[in-house]
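Note that the structure is predicted; figures quoted are calculated from it, not measured. Per chain, numbering begins at 1; letters A, B, ... match sequence-line order.
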Amino acid sequence: MTQQQLSIAITGAGGAGVISVGELLLQTWAAGGGRGLLRKAFGPQIRGGESAALLKLTDTEHYTPADRYDLFLAFDWTNFNRFGDEITLCPGALVICGEEGELPPPVRAVDPDVHYLPLADLAVDTHEEGRVNMIALGLLGRLLGLASADLQSLARNKLAAKPQAYQDAAAACIEAGSQLSLPCQLAAPPLGEPGAWYLSGNQAAGLGALEAGVRFVAAYPITPASDVLEWMAGGLEKLGGQLVQAEDELAAINMTLGAAFGGVPSFTATSGPGLALMTESIGLAVASETPVTILDVMRGGPSTGIPTKSEQSDLNIALNGLHGDAPHLVLAPLDIADCVYTSAWAVHLAQGLQTAAIVLSDQFIGQSTAVVTEPVRCPRPEFPAQDSGNDYLRYRLTESGVSTLAAPGDADQRFTADGLEHNERGTPSARDDDHQKQLAKRAGKLNNHPFGDAWARIDGTGELALLCFGSAWAAVTEAATILADAGLSTRTVALRLVAPLQHERLAAALAGCRRVVVVEQNHGAQLFHYLRGQMEFAVPVASYSRAGPVPLNGRAIADYMTAEGR
Amino acid sequence: MKQSVKVRAKDYKSEVKPIWCPGCGHFSVLNAITKAFAGLGIAKDDTVLVSGIGCSSRLPAYVDSYGFHGVHGRGLAIAQGLKVARPDLTVIALGGDGDGFSIGGNHFLHACRRNVNMTYIAMDNEVYGMTKGQASPTTPADWDHSKLTPHGPGVRPFKPAALALAAGAPWIARGYSGNPNQMAGLIAAAIEHPGFSFLHVLSQCITFCPEQTDWKSIVSERSEPALSDADVAASLFHHEDGFQTGLLYAAPRNSWPGPQAQVQSADISEGFRL
């Protein structure tokens, strides 16, 4: 059944507090059992640019960005125009604007129900320190049926570190906003169970890593990954771990390797440009069999690209960016809550298989916050016990391909980890025999591992398959729902483990399909080409790939499927 | 923790035979390291040598301790991550002039500044040896022995001690491969210094820079005590010929990280529950 939803877009100048409105509104809504997603969109400026809080209140936890907005609140029109192609309004949408003036053509085109309210004047009239965003919060709260007192108490909480006058001003403005009357009704979706969590995908990924045992993080700031590192700094301090702010990504990955060599589970987070800088040393992790986990919160690329907006275009570099034959793990969380599971799984796998794991999150799930039922946790997988024998050989050829990893301080297991090809002892070797055996060892330990059922999420049994990885799952699920309502049965396969590809499991998951469509958010159809290169498909395979920054859209995917007769 | 174990210098050598040319200064550095280890009674299991890429960076495999032979220029980053995560270990990073001052130059500056309690030994022969003799950041501007720069690099060479001082290194010394006993003493002192210690070693490459055999007549031992005033040291490092050996500068300051927060075993997910 199609999700019941109410979508609200709020735009204003960067620093005007638009995001705070979205967060306070969603958290108050969630405290009563409501579900919802807050997506944050920013221009490139730090302050004085534009920002948008894009809220979607729902009755389920399938969170796709809203494709149309029922309610639009613009502090002013200048800043709306900068988001023109990302905010589409429903026909007859309710539009509240704080500034008089001619409506932008895309707004006028939907024949909206427009209400002009002098929000800024009202803020100043209400309190000396009054701010327009709190007036807006009070008004939106009233439209959703939220108690002004609840909003005020949450706002006071958030402003606890600020002067009393700010807290009083916020409370007074929320109250004043809640007294505004508008001759309109909003149909909010039904509430769910209270007691949920509220977090971003970046926080979730950090949490999963720490819960999986990470106690060392090296950090170099980059949008949109900095907030993972900032959240982990606080978490590590509580847990007695260490975080170092590195001088660049080259240092960050190598510090991570150093700590991991010391036996401490280690992690770093970055985005595309940083991942590109790290690739040489990720290869070192593979060759030296040093366990590290790298979270890539993907943004628009190539080069500096679109740092503040989402895209799934780092798949190629994550899969193929390492020189030489360097088998490693590539995972992708499917949604915000799943960032906890997938990040923890990646850490466990990297540790257990002694290699590098790259986790492909993205700006959409990374920086959006959502109300979710307590996230499912990843249990620590079983790995074969290793017998190091009497003579310790760091790179001993074993049946599983995994050999005993000693750490400095361990008695009599001294070795030198090396990026040079080496023999079982770790002594550098350019011999053919050693090279063949060590290459086979490093590939074999990944291929031999039974990854279990978490490799993908599979729903439905229809003859038409929608295949994707990571955050595309939400849009694919939405498309499947729309198609089901239209009488077309599908199955969806969302890869959580992209490499090593689980060929047999994927073939089994697609058994009985008539057609497969590979859905992803990039220009080059990277997943489509990867899968085509990796395996034979018995049925026709098509590609639906759309680059960011506009999010993948379930309705557009569904339209594509039906229009093409797929 | 470090424990005193009676081990002879040669017992610290591994079974791996060095790939270095006969007459290479790096043999002398290897001997000085093992001699310093024996003098300090360093426990092999608690010691890690970390390096990048180059002739000198091969050294960890030749010592019977733990080691990490990383990628070009990044040894200092690996070593700092290791020491921060495992403060109980004795960590020594080492490498050559190309590795440390060119491709790894940024890490050198920030390691000096960060002041993690570890030692960095830069084995400087003013040349890229492993790639068969190209100019490095410390090569004289008129050195015309490389086909890559047939008229000489034409660039002012770095002054590693001056750079280290400017970047905040609290302990700076210089050794010479022709004086392994002095070098062993400096290495031992560097390890014992509670912070980042930078030992610049003039380590001759007779294969690509045979003129470096003349160093033995140029190198001097500095008799004055180590400087502790950065302004005075800056003047010295600016004006000296770069061939004075000994402990040149020592101004200990608190190493990083400082006092650690107590483990609170707090529920880190607490903030997410509504």
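- Residue contact with chain B, scored on non-hydrogen atoms closer than 4.5 Å, involves the backbone of A/Leu243 exclusively.
- Contact annotation for B/Val71: both backbone and side-chain heavy atoms come within less than 4.5 Å of a heavy atom of chain A.
- In terms of modelled atom types and a separation under 3.5 Å, the side chain of B/Tyr66 and the main chain of A/Asp410 share a donor-acceptor contact.
- By the 4.5 Å heavy-atom criterion applied to side chains, B/Phe272 and A/Thr369 are not counted as neighbours.
- Contact of A/Val372 with chain B is not made at all, since no heavy-atom distance falls under 4.5 Å.
- Between the CG atom in A/Leu257 and the CD1 atom in B/Ile78 there is a gap of 5.5 Å [rounded to 0.5 Å].
- Heavy-atom pairs under 4.5 Å with chain B were tallied for A/Ala204, A/Ala407, A/Gly206; the largest tally goes to A/Ala407.
- Comparing A/Ala411, A/Gly235, A/Ala31 by heavy-atom pairs within less than 4.5 Å of chain B, the highest count is held by A/Ala411.
- Contact tally against chain A (heavy-atom pairs below 4.5 Å) for B/Leu82, B/Val50, B/Val84, B/Leu89: the top residue is B/Leu82.
- Sequence neighbours left out, the pairs with a member in residues 276-286 of chain A that pass side chain to side chain donor-acceptor pair (under 3.5 Å) are A/Asn254-A/Ser281.
- Using a 4.5 Å cut-off between heavy atoms, A/Ala218 makes no contact with chain B at all.
- Contacts between A/Phe216 and chain B at a heavy-atom distance below 4.5 Å involve the side chain alone, from C-beta outward.
- Chosen from A/Ala287, A/Pro375, A/Gly426, A/Ala251, the residue pairing most often with chain B at heavy-atom distances under 4.5 Å is A/Ala251.
- The candidate with the highest count of non-hydrogen atom pairs below 4.5 Å against chain B, out of A/Gln203, A/Arg425, A/Arg215, A/Glu374, is A/Gln203.
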Self-check item: Worked verdict on A/Glu247 versus B/Arg114 for salt bridge (charged side-chain N to carboxylate O under 4.0 Å, His left out)
Solution: CA-CA 10 Å; A/Glu247 53 270 27; B/Arg114 198 174 279 121; 2.7 Å; yes
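- In this structure, the portion of A/Pro428 lying under 4.5 Å from any heavy atom of chain B is its side chain and not its backbone.
- The distance from atom CG of A/Asp418 to atom OG of B/Ser51, rounded to the nearest 0.5 Å, is 7.5 Å.
- Going from atom OG1 of A/Thr416 over to atom CG of B/Asp64 covers 9.0 Å, rounded to the nearest 0.5 Å.
- Counted within 6.0 Å of OH on A/Tyr220, heavy atoms from surrounding residues, nucleotides or ligands total 12 or fewer; the atom is thus considered open.
- For chain A, the nearby part of B/Val16 is the side chain; its heavy atoms alone come within less than 4.5 Å.
- No side-chain heavy atom of B/Arg86 sits less than 4.5 Å from a side-chain heavy atom of A/Phe261.
- One finds the CZ atom of A/Phe415 at 11.0 Å from the OG atom of B/Ser65 (value rounded to the nearest 0.5 Å).
- Neither the backbone nor the side chain of B/Arg113 comes within contact range of chain A, judged by heavy atoms closer than 4.5 Å.
- Looking at heavy atoms from C-beta onward, B/His107 lies in side-chain contact with A/Leu250 at the 4.5 angstrom threshold.
- For A/Thr290, the part lying near chain B is the side chain, with the backbone staying farther off; criterion is any non-hydrogen pair under 4.5 Å.
- The structure places CZ of B/Arg74 at 7.0 Å from CG of A/Asp248, a figure rounded to the nearest 0.5 Å.
- Interface residue A/Val244: backbone and side-chain heavy atoms are both found under 4.5 Å from chain B.
- The number of heavy atoms from other shown groups lying within 6.0 Å of CZ (B/Arg8) does not exceed 12.
- Interatomic distance, CG of B/Leu76 versus CE of A/Met255, reported as 9.0 Å (0.5 Å rounding).
- Across all their heavy atoms, B/His69 and A/Leu420 have their closest contact at CE1-CD1, 3.4 Å.
- Heavy atoms from other residues, nucleotides or ligands lying under 6.0 Å from CG of B/Asn254 number 12 at most.
- With a 4.5 Å cut-off on non-hydrogen atoms, B/Leu274 touches chain A through its backbone and its side chain both.
- Under a 3.5 Å cut-off, the side chain of B/Asp45 and the backbone N or O of A/Gly409 do not form any donor-acceptor pair.
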